[in-house]
Amino acid sequence: MRCQRCRGDAVVEVRRHHAAFCSDHFIEFFDRQVQRAIEDERMFTRDDRVLVAVSGGKDSLALWDVLRRLGYAATGLYINLGIGGYSDDSHRKTVAYADAHGADLLVADIPQEFGMSVEELARATRRVSCSACGLSKRYLFNRVAIDHGFTVVATGHNLDDEAAVLLGNLLHWQTEYLARQSPVLSSTHPKLARKVKPLYRIAEREAAAYAIVRGIDYIVDECPNSVGAKSLLYKEALNLLEQASPGAKQSLYWGFLERGRALLGTQGVVALRACVHCGQPTTAEVCAFCRMTERAAERMRVRRGGGAGAPAAAAPVGAAGAPDAGGSG
Amino acid sequence: MKVMIRHQRREVEVRGRRRVRELLVELGVNPESVLVIRGAQLLTHDAQLGDDDTIELRPVVSGGID
Ligand code: SF4
Ligand SMILES: [Zn+2]
Ligand SMILES: [Zn+2]
């Protein structure tokens with residue numbers, strides 16, 4: 001197979017664009033798609049300081065890399081979730097990337113700061129791990145962004161992620177979620193950073209190919225808690241469609257952005273106020289993150305025999321705070 | 001050739017020359033869900049594979065709700 005641009009040997013096929021590229025021209029294609037996403041959706045400019053949520057996986061490392069190459073001021077934020085070997089490996093890969101490329105990296109540590117891993121937080125509050133984890137990550141991304149003066153938080157969600165979320169929302173006609181699903185969530189509160197997904201025009205397979213072509217060593221193994229996730233089922237279904245009909249995923253998601261979301265109006269918009277405990281934006285009096293960590297700390301106290309009236313042991317308030325109007329990301 | 005199927009944590013031995021596309025059909029793997037790698041090199045679906053090759057099928061689908 002030949003590169004569409006230079007007729008050299010191709011290394012990546014992009015069937016949805018009826019194209020194949022050599023390494024150099026694949027990178028050029030990738031850059032163009034990301035640049036277009038940033039501009040079309042007015043995500044940020046080269047004057048903005050962008051905080052990139054980095055997990056050590058292919059998507060977030062690819063995002064960090066491409067933003068830096070395109071000349072954006074992109075600082076990484078790694079969150080240690082305390083998920084055993086998976087967290088150790090992903091942390092190592094993230095630090096290795098930052099060191100090799102001289103990239104700025106911030107690290108937040110959930111077990112250190114809150115006394116519990118996300119799995120322990122989940123158990124103590126009878127949630128599933130991914131729910132406690134997702135809430136913690138959304139909270140910390142925003143808090144760190146606001147504390148360090150970043151106006152934008154960028155995540156590595158790709159076309160397949162967004163199409164899978166859309167399919168899930170459509171299967172259950174979650175109209176409020178549908179109305180909020182967007183590659184850009186603008187700030188609706190002074191303490192809420194804008195959230196953007198610059199890879200929404202990039203298929204998952206292309207993000208992995210980019211990481212490999214760029215020689216980025218990412219964590220291939222998945223978080224153990226992702227086994228059986230609904231999103232994997234939706235992705236598999238979409239990939240069956242994609243195989244039979246290249247372009248199905250982009251047609252579904254981009255079509256939704258161009259024509260579908262306008263039909264839904266603004267029902268996703270909610271009023272935000274400051275959490276009385278941590279000051280982060282929330283729809284309730286106390287934000288969902290403070291409620292979760294306080295409940296978990298309470299249960300720990302009960303278990304240790306301190307009783308309900310004992311002083312807080314691992315109460316994470318003070319510096320903490322969480323935007324709990326998270327949406328799909 | 002030796003085929004390492006990373007996400008299933010298994011390795012299979014396949015005899016005879018064939019193209020990447022044919023190998024994936026035989027193994028029942030959707031080409032959208034993997035990258036095919038020989039050495040450090042990505043392969044397109046028409047690439048020819050030989051008996052001496054060691055091939056990695058690298059999953060590209062990540063899960064979780066985040
Ligand atoms: S799979 Fe679940 S627990 Fe694991 S990182 Fe993703 S959201 Fe967190
Ligand atoms: Zn080329
Ligand atoms: Zn709070």
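Naming convention: chains lettered A, B, ... in sequence-line order (proteins, then strands); numbering from 1 in each chain. For clarity, every value in this text was computed on a predicted model and none was experimentally measured. Side chains are part of it too, since the values below use all heavy atoms of this structure and drop only hydrogens, waters and symmetry mates.
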Would you confirm whether B:N30, through its side chain, and A:N239, through its main-chain N or O, come within 3.5 Å as a donor-acceptor pair? yes

Heavy-atom pair with the smallest gap, counting every atom of B:L35 and A:A209: CD1-N, 3.5 Å

Step through the shown structure and confirm whether more than 12 heavy atoms of other residues, nucleotides or ligands are within 6.0 Å of CD on B:E11. yes

Once rounded to the nearest 0.5 Å, what's the spacing between atom CD of A:E13 and atom CG of B:L42? 11.5 Å

Heavy-atom closest pair (A:E204 atom, B:V60 atom, distance to 0.1 Å) is CG-O, 2.7 Å

Gap between atom CD of B:E56 and atom CD1 of A:I212 - 0.5 Å precision: 7.0 Å

Restricting to non-hydrogen atoms, name the atom on B:V61 and the atom on A:E222 that form the minimum distance, rounded to 0.1 Å. O-OE2, 4.1 Å

Of the backbone (N, CA, C, O) and the side chain (C-beta and beyond), which part of A:D59 lies under 4.5 Å from a heavy atom of chain B, both, or neither? side chain

Minimum-distance pair of heavy atoms, taken over all atoms of B:P31 and A:Q243: CD-NE2, 3.4 Å

Heavy-atom distances under 4.5 Å only: say whether A:F26 touches chain B with side chain, backbone, both or neither. neither

Only pairs of heavy atoms separated by less than 4.5 Å count here; which of A:L240, A:N158, A:V220 has the most with chain B? A:V220

Between A:R205 and B:V34 (side chain of the first, backbone of the second, donor and acceptor by atom type, cut-off under 3.5 Å), is there such a pair? yes

So CD of B:E32 and NZ of A:K249: to nearest 0.5 Å the spacing works out to 4.5 Å

When rounded to the nearest 0.5 angstrom, what distance separates CG in A:D161 from OG in B:S62? 7.0 Å

With rounding to the nearest 0.5 angstrom, report the CG to OG distance, A:L238 to B:S33. 13.0 Å

Euclidean distance, B:L43 CG relative to A:M1 CE, rounded to 0.5 Å: 11.0 Å

